[in-house]
Protein chains: 2
Amino acid sequence: MAEPTPGYELPLQLFAAFRAIIDAAHADLARHGHAGVKPLHGFVFQAIGARGTTAVELGARLGVSKQAAGKTIANLEKQGYVERAADPDDARRKLVRLTAKGLDVLAVSARSFDAVQARWAEAIGPERLAALHADLRTLAPGDHFRLDAPGWFGTDR
Amino acid sequence: MAEPTPGYELPLQLFAAFRAIIDAAHADLARHGHAGVKPLHGFVFQAIGARGTTAVELGARLGVSKQAAGKTIANLEKQGYVERAADPDDARRKLVRLTAKGLDVLAVSARSFDAVQARWAEAIGPERLAALHADLRTLAPGDHFRLDAPGWFGTDR
DNA sequence: CATGGTAGACAACCTGGTTTACTATATGGG
DNA sequence: CCCATATAGTAAACCAGGTTGTCTACCATG
């Protein structure tokens, strides 16, 4: 038989597909005036969510230290994507929330993702896309939401 | 109908699946005495390949500067995964080749990838897995081999 | 043989991560 | 009621890996 696809192809394909979506989304974002937002930030925005969060919580969700989360927040704050407010119930905490600009990023991304999905449904057919969804769900433990990608790839240590 | 899967799920699933494979491979690698190898390095090893390469070429394949490639090579050399030799045909070039240890990483990874694929074939059936392969190939331009992941995720700029 | 291009190395700098350490505020048991 | 302990946030020092710019050695071509 023709050689079975060598094993290393699958991860590359998965990554390429992932990357294709992300790149599409960020092209859209750039077109909508959010050129400064990078893939990494997409994870951050999702982790902050519409309801807001705190530095410690964000760090936990992202799988980085609270200090790193703090730096990222400061960065995004400077760019006007998030804002910090004191928590009336706990003077230690500072609530981090997306600004209108930040929410717009979320909205644009969502539309972009949907668009990609629609294109894909057209390309391979809705059934195949549904199967892909289902299979991925089966294969990847899909722990709720693993958004702790950032450092993971990293170097040593 | 039930809500259509929100668009942001697909990239997360793809990433989760990718990550599951990579993590499995690196767990295997650690078990085989290659604990120092990180996901990023997997890309590098693939890019070097069994035939060897040079810093410039490696940089091009990885999508990073030749200097960055040089640093990575130096790092891997220190760990004993690659070795540098003068090119007899061109005194400027230095051939970078995987050592036996480096080749072992490639071999272990390959086995690991195949094992994952076999498990997945069992989980969703060979036809579904083949379909997944085929669909991903359709959806992600699959430019030959895009191994330029490293910096891409990065930060601002 | 002189000129222009290429391979590699080095240095300075940037970003984002980590650890360590500190301050301010909660909280809960004696 | 008060102190001990834990938690939120911040800052500093350091590290890894990326970038650009510069330099040297070597090739190749006119």
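Residue numbering restarts at 1 for every chain, and letters A, B, ... go by the order of the sequence lines.
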Student: Rounded to whole Å, please give me the gap between CD1 in I73(B) and C1' in dC10(C).
Tutor: 15 Å
Student: Evaluate the criterion side-chain contact (heavy atoms from CB on, under 4.5 Å) for residue pair R128(B) and L132(B); output intermediate values, then yes/no.
Tutor: CA-CA 6 Å; R128(B) 291 287 283 254; L132(B) 195 149; over 6 Å; no
Student: K94(A) side chain: which of dT20(D), dG9(D), dG8(C) is closest?
Tutor: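 So the side chain of K94(A) is nearest to dG9(D).
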Student: Counting only side-chain heavy atoms from C-beta out, which of dT6(C), dG9(D), dA6(D) sits nearest to R92(A)?
Tutor: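 Looking only at side-chain atoms, R92(A) lies closest to dA6(D).
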Student: Can you spot which of L58(A), V96(A), T72(A) makes a side chain to side chain contact (heavy atoms under 4.5 Å, CB included) with V82(A)?
Tutor: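 Result: among L58(A), V96(A), T72(A), V96(A) is the only option passing the side chain to side chain contact (heavy atoms under 4.5 Å, CB included) with V82(A).
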Student: Do any side-chain nitrogens or oxygens of R84(A) fall under 4.0 Å of OP1 or OP2 in dA8(D)?
Tutor: no
Student: Using a 4.0 Å heavy-atom cut-off, does A55(A) contact any base of the nucleic acid, only the sugar-phosphate backbone, or nothing at all?
Tutor: sugar-phosphate
Student: Counting only side-chain heavy atoms from C-beta out, which of dT10(D), dT19(D), dG9(D) sits nearest to V64(B)?
Tutor: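 From the listed options, dT19(D) comes nearest.
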Student: It should be established whether T72(A) places a side-chain nitrogen or oxygen under 4.0 Å from OP1 or OP2 of nucleotide dG17(C).
Tutor: yes
Student: Which nucleotide in the list dA9(C), dA26(C), dG17(C) gets nearest to the side chain of D90(A)?
Tutor: dA26(C)
Student: With the side chain of A91(B) defined as its heavy atoms from C-beta on, choose the nearest nucleotide among dC26(D), dA9(C), dA13(D).
Tutor: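 The listed nucleotide nearest to A91(B)'s side chain is dC26(D).
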Student: From the options dT18(C), dT25(C), dC10(C), select the nucleotide whose nearest atom is closest to the side chain of Q67(B).
Tutor: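 It is dC10(C).
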Student: Side chain of R93(B): nearest nucleotide among dT18(C), dT19(D), dG8(C)?
Tutor: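 Closest nucleotide to the R93(B) side chain: dG8(C).
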Student: Quick one: is T54(B) getting a side-chain N or O under 4.0 Å of the dA7(C) phosphate, OP1 or OP2?
Tutor: no
Student: Tell me whether the rings of F45(A) and Y81(A) are parallel (<30°), tilted (30 to 60°) or perpendicular (>60°).
Tutor: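 Rings of F45(A) and Y81(A): perpendicular, over 60°.
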Student: Verify, without hydrogens or angle tests, whether K101(B) (side chain) and Q79(B) (backbone) share a donor-acceptor contact under 3.5 angstrom.
Tutor: yes
